[in-house]
Amino acid sequence: MNSKHLIELNNRKRKLLTEENERYYSDMLLYIRLQFRLSEQASEEILMELLDHLLEGQKEGKTARDIFGDDPKAYADEIIRQLPNEKIRSTVPFITGLILNLIGWFFMIRGAIIGIAKPFTDVNESFYIIPTTIIVSVIAIEIGFMVWYIFHFIKSSLFTEKEEKKWKDNLKVGGMSVVTMGLVVVIAYFLPKFGPILTITWYVSLLAGGAIWLIGRFVEKRA
Amino acid sequence: MSFRSQILKGILDGVVLAVIEKEPVYGYELSKKLQKAGLSDVSEGTIYPILLRLQKKGFIRGEMRPSKSGPNRKYYFLTEEGTEELRTIVEEWGKIVGPVQKLFERRGKIDEFKTLD
């Protein structure tokens, strides 16, 4: 059974848990799934085994606490320590696909905006290669950072019931988004325009973007 | 950690391998068999990190197959390396248990001598 099927099966079986056991198990599940360096297949297999065990124990009146102990985080950490890492062979296509996806969307959106605006205003279809590359790279790094930042807070919100902490975390993530977006605007404003100019008309941008996006999808599927 | 749990921790790999050698089992079955064998203080959850570690070392391998009760379960089988490892553990264990047992048995006798004095 591949990881996709295991995830579907897990979603269905989890509904059979009591409220208390579900909370305990789901925290552990999220915590383990958020370890991206781990083999997805191995992670899903052990998560299924733990769920099956918990369901059988539940029939005998046992709780997740009885089976896995009072410290779910420590238990999950012990599991994580033993899980194999994802093979680089499947990580590289995944990340490459993601980046191509981003570039594809960038060109498609640019093409669409210029295409729509052109009949009404005078738009410039040329851009400076070097400054644009810098800005796109900064955006890509910031997206990566924000994803990491948000997952970091999800991880720290697990195994706790403090509402106040969640509220504070939301504020921090919101604040960080404003800062990162502001940074892009500031860089775009102050970055000198230099180097070679490239002119890509709106329909070429749209088509090229679509092609890059398709390639990205294809590469990602191979992962 | 209590004395008992420390000893158990050290020998648990061997215990788990011995159960799997007898018959391929899935996680829940394994914990039931350990309890039946009298090791009821091995908390159920502890077997999973052990199973993962033994798998990583190549001593056991897991395979999905339908269980007696119906649904698919991951059954664990002993590999050749696992059989070899179990043989080593059993041998080493014997080398410890024998002498230790002898030492402990002597205790009563020493006490007897003392009371004679």
Side-chain angles (χ1 to χ4, degrees), chain A residues 1-6 8-10 12-14 16 21 24-25 27-29 32 35 38-39 41-87, chain B residues 1-2 4-6 8-10 12-13 16-17 19-20 24-36 39-77 79 81-82 85:
Chain A
M1 226 186 308
N2 64 26
S3 52
K4 207 173 149 236
H5 284 126
L6 283 168
E8 277 167 18
L9 192 61
N10 195 310
R12 258 182 288 140
K13 281 190 182 174
R14 219 161 51 238
L16 302 171
N21 287 344
Y24 186 110
Y25 178 79
D27 271 1
M28 219 155 61
L29 172 121
I32 292 174
Q35 315 290 326
L38 297 179
S39 154
Q41 179 69 27
S43 302
E44 290 306 326
E45 278 182 17
I46 190 74
L47 282 169
M48 182 54 73
E49 286 183 86
L50 297 179
L51 181 54
D52 281 335
H53 195 127
L54 182 52
L55 282 169
E56 299 222 35
Q58 196 173 273
K59 280 187 219 148
E60 297 171 16
K62 284 182 208 152
T63 65
R65 223 160 259 281
D66 296 332
I67 296 169
F68 305 118
D70 290 327
D71 190 347
K73 185 172 180 294
Y75 184 71
D77 279 330
E78 217 177 310
I79 294 278
I80 287 163
R81 219 172 299 135
Q82 300 302 337
L83 280 171
N85 285 338
E86 190 70 78
K87 289 191 182 78
Chain B
M1 217 193 299
S2 74
R4 191 182 156 87
S5 57
Q6 273 189 57
L8 263 176
K9 204 175 173 209
L12 216 45
D13 280 16
V16 168
L17 288 175
V19 172
I20 296 174
V25 288
Y26 60 92
Y28 190 75
E29 264 183 342
L30 175 62
S31 77
K32 279 272 166 264
K33 285 192 174 178
L34 291 179
Q35 274 170 23
K36 245 192 213 160
L39 301 169
S40 53
D41 49 350
V42 177
S43 75
E44 297 181 32
T46 46
I47 60 170
Y48 291 99
I50 294 170
L51 287 170
L52 285 172
R53 193 178 62 241
L54 293 174
Q55 252 182 121
K56 204 152 78 173
K57 286 183 175 168
F59 297 153
I60 57 174
R61 67 183 163 79
E63 207 180 278
M64 287 282 197
R65 52 172 63 186
S67 62
K68 285 163 215 147
S69 53
N72 273 326
R73 288 286 187 271
K74 193 170 173 187
Y75 277 88
Y76 289 97
F77 296 79
T79 62
E81 291 92 332
E85 173 74 5

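The structure presented is a predicted model; accordingly, all values stated were derived computationally and were not measured. Protein chains get the first letters and strands the later ones, always in sequence-line order, with residue 1 at the start of each.
Side-chain contact of A/His53 with B/Tyr48: a donor-acceptor pair under 3.5 Å is present, judged by distance alone. Side-chain contact annotation: A/Tyr25 with A/Asn10, donor-acceptor N/O pair under 3.5 Å present. Under the 3.5 Å distance criterion, with hydrogens and angles disregarded, a donor-acceptor pair is assigned to the side chains of A/Glu45 and A/Gln41.
Looking at A/Ile46 and A/Glu49, their side chains come closer than 4.5 Å, going by heavy atoms from C-beta outward.
Contact count against chain A (heavy-atom pairs under 4.5 Å) is highest for B/Arg73 among B/Arg73, B/Gln55, B/Met64, B/Lys56.
The contact between A/Leu6 and chain B is made entirely by side chain atoms (from C-beta outward), counting heavy-atom distances below 4.5 Å. The part of B/Lys32 that comes within reach of chain A is its side chain, from C-beta onward, which places non-hydrogen atoms under 4.5 angstrom from that chain.
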